[in-house]
Amino acid sequence: MNSKLAAGTVVLMMLLSGCGGGTDPEGFVQLPGEVTWNGEPIQDGMIIFRGSDSSERNVAAPITDGKFIVKIQPGKKTVEVTAMREVPGKFGVGPSGEQVPLTEAYIPAKYNTASELTTEIVVPGTETLQFALQEN
């Protein structure tokens with residue numbers, strides 16, 4: 001087998017096995033992402049991608065240490081981010097009567113319930129999704 005034919009066969013095998021950055025048989029692609037709040041990684045949260053029409057499935061992924069991995073369909077998406085954090089010096093009562101730190105949702109509505117955040121998933125082309133959320 002000549003070298004051009006061998007190289008073409010390797011590329012074709014990569015594309016057929018999904019190594020070429022395309023979608024899976026159901027039309028999804030798996031992508032990594034990062035989310036920060038005021039320049040710091042969101043430690044513990046959730047990210048949701050809502051499709052622009054009803055034929056697309058909404059997908060969600062947990063955020064840990066500012067990172068997530070999502071299996072998503074290409075297209076325009078509205079993005080929602082939620083996260084909780086402890087309120088310093090404030091405590092409540094846990095299920096068995098013990099003191100537990102109080103938590104609060106701290107990401108503003110413009111990034112979740114009234115999200116203005118959007119993205120477009122383009123395949124091939126999208127490598128890492130990045131969202132830098134700011135207070136103002």
Side-chain angles (χ1 to χ4, degrees):
M1 181 183 294
N2 71 35
S3 62
K4 286 183 182 178
L5 182 57
T9 302
V10 169
V11 170
L12 179 61
M13 288 173 60
M14 287 175 59
L15 290 171
L16 290 174
S17 68
C19 296
T23 59
D24 68 13
E26 295 179 330
F28 287 82
V29 63
Q30 185 168 305
L31 297 172
E34 299 175 354
V35 187
T36 59
W37 172 248
N38 293 328
E40 297 294 323
I42 291 178
Q43 294 303 307
D44 184 23
M46 183 67 65
I47 188 163
I48 301 169
F49 295 87
R50 298 194 184 279
S52 57
D53 68 54
S54 61
S55 69
E56 298 177 50
R57 282 193 245 165
N58 297 332
V59 296
I63 302 167
T64 305
D65 297 325
K67 299 185 184 305
F68 66 90
I69 297 176
V70 67
K71 189 173 177 183
I72 191 168
Q73 292 172 300
K76 292 183 180 182
K77 311 291 180 197
T78 299
V79 182
E80 299 176 14
V81 177
T82 58
M84 301 292 286
R85 66 179 173 198
E86 290 185 9
V87 180
K90 300 228 176 173
F91 297 89
V93 179
S96 55
E98 77 280 11
Q99 266 197 335
V100 294
L102 287 180
T103 59
E104 66 180 352
Y106 64 96
I107 305 295
K110 71 178 183 177
Y111 295 121
N112 48 64
T113 56
S115 187
E116 302 168 1
L117 191 58
T118 62
T119 192
E120 185 165 6
I121 308 301
V122 180
V123 178
T126 306
E127 293 179 15
T128 299
L129 301 170
Q130 296 187 333
F131 302 98
L133 312 182
Q134 295 290 319
E135 196 158 355
N136 293 325

Is the shortest distance from a Lys or Arg side-chain nitrogen in [X] or [Y] to a carboxylate oxygen in the other one below 4.0 Å?
X	Y	answer
Arg50	Glu56	no
Lys67	Glu34	yes
Arg85	Asp44	no

>> So, taking the atom named OH in Tyr111 and the one named CZ in Phe131, what distance separates them when rounded to the nearest 0.5 Å?
In response: 11.5 Å
> Atom CZ of Phe68 and atom CD1 of Ile47: how far apart are they, to the nearest 0.5 Å?
Replying inline: 4.0 Å
[Y] side chain reached by [X] side chain, heavy atoms, under 4.5 Å:
X	Y	value
Val93	Val100	no
Ile121	Leu31	yes
Leu117	Thr78	no
Tyr106	Thr82	no

Could you check whether any side-chain N or O of [X] sits under 3.5 Å from a backbone N or O of [Y], counting only pairs where one atom can act as donor and the other as acceptor?
X	Y	value
Gln43	Pro41	yes
Lys77	Gln73	yes
Asn58	Gly51	yes
Asn112	Val81	yes
Asn38	Glu135	yes

>> Among residues at least two apart in sequence or on other chains, which ones pass salt bridge (Lys or Arg N to Asp or Glu O under 4.0 Å) with Arg57?
In response: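 Result, salt bridge (Lys or Arg N to Asp or Glu O under 4.0 Å) vs Arg57: none returned.
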> Given a cutoff of under 4.5 Å between side-chain heavy atoms of I, L, V, M, F, W and Y, with clusters grown through shared members, what are the other residues clustered with Ile48?
Replying inline: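 Under the 4.5 Å side-chain rule, Ile48 groups with Met46.
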> So, for Ala83 and Ile42, which heavy atoms are closest and what is the spacing to 0.1 Å?
Replying inline: CB-CG2, 3.7 Å
> What do the steps show when you test Thr118 against Val79 for side chain to side chain contact (heavy atoms under 4.5 Å, CB included), and what is the final call?
Replying inline: CA-CA 5 Å; Thr118 62; Val79 182; 5.8 Å; no
> What's the verdict on side chain to side chain contact (heavy atoms under 4.5 Å, CB included) for Ile107 and Leu133, showing C-alpha distance, side-chain angles and the deciding distance?
Replying inline: CA-CA 9 Å; Ile107 305 295; Leu133 312 182; 4.2 Å; yes
>> Let's go through Leu102 and Glu86 carefully: what are the C-alpha distance in whole Å and the side-chain angles of both, what is the deciding distance for side chain to side chain contact (heavy atoms under 4.5 Å, CB included) to 0.1 Å, and is it a yes or a no?
In response: CA-CA 6 Å; Leu102 287 180; Glu86 290 185 9; over 6 Å; no
> Where do Val87 and Thr103 land on the side chain to side chain contact (heavy atoms under 4.5 Å, CB included) test, with the steps shown first?
Replying inline: CA-CA 5 Å; Val87 180; Thr103 59; 5.8 Å; no
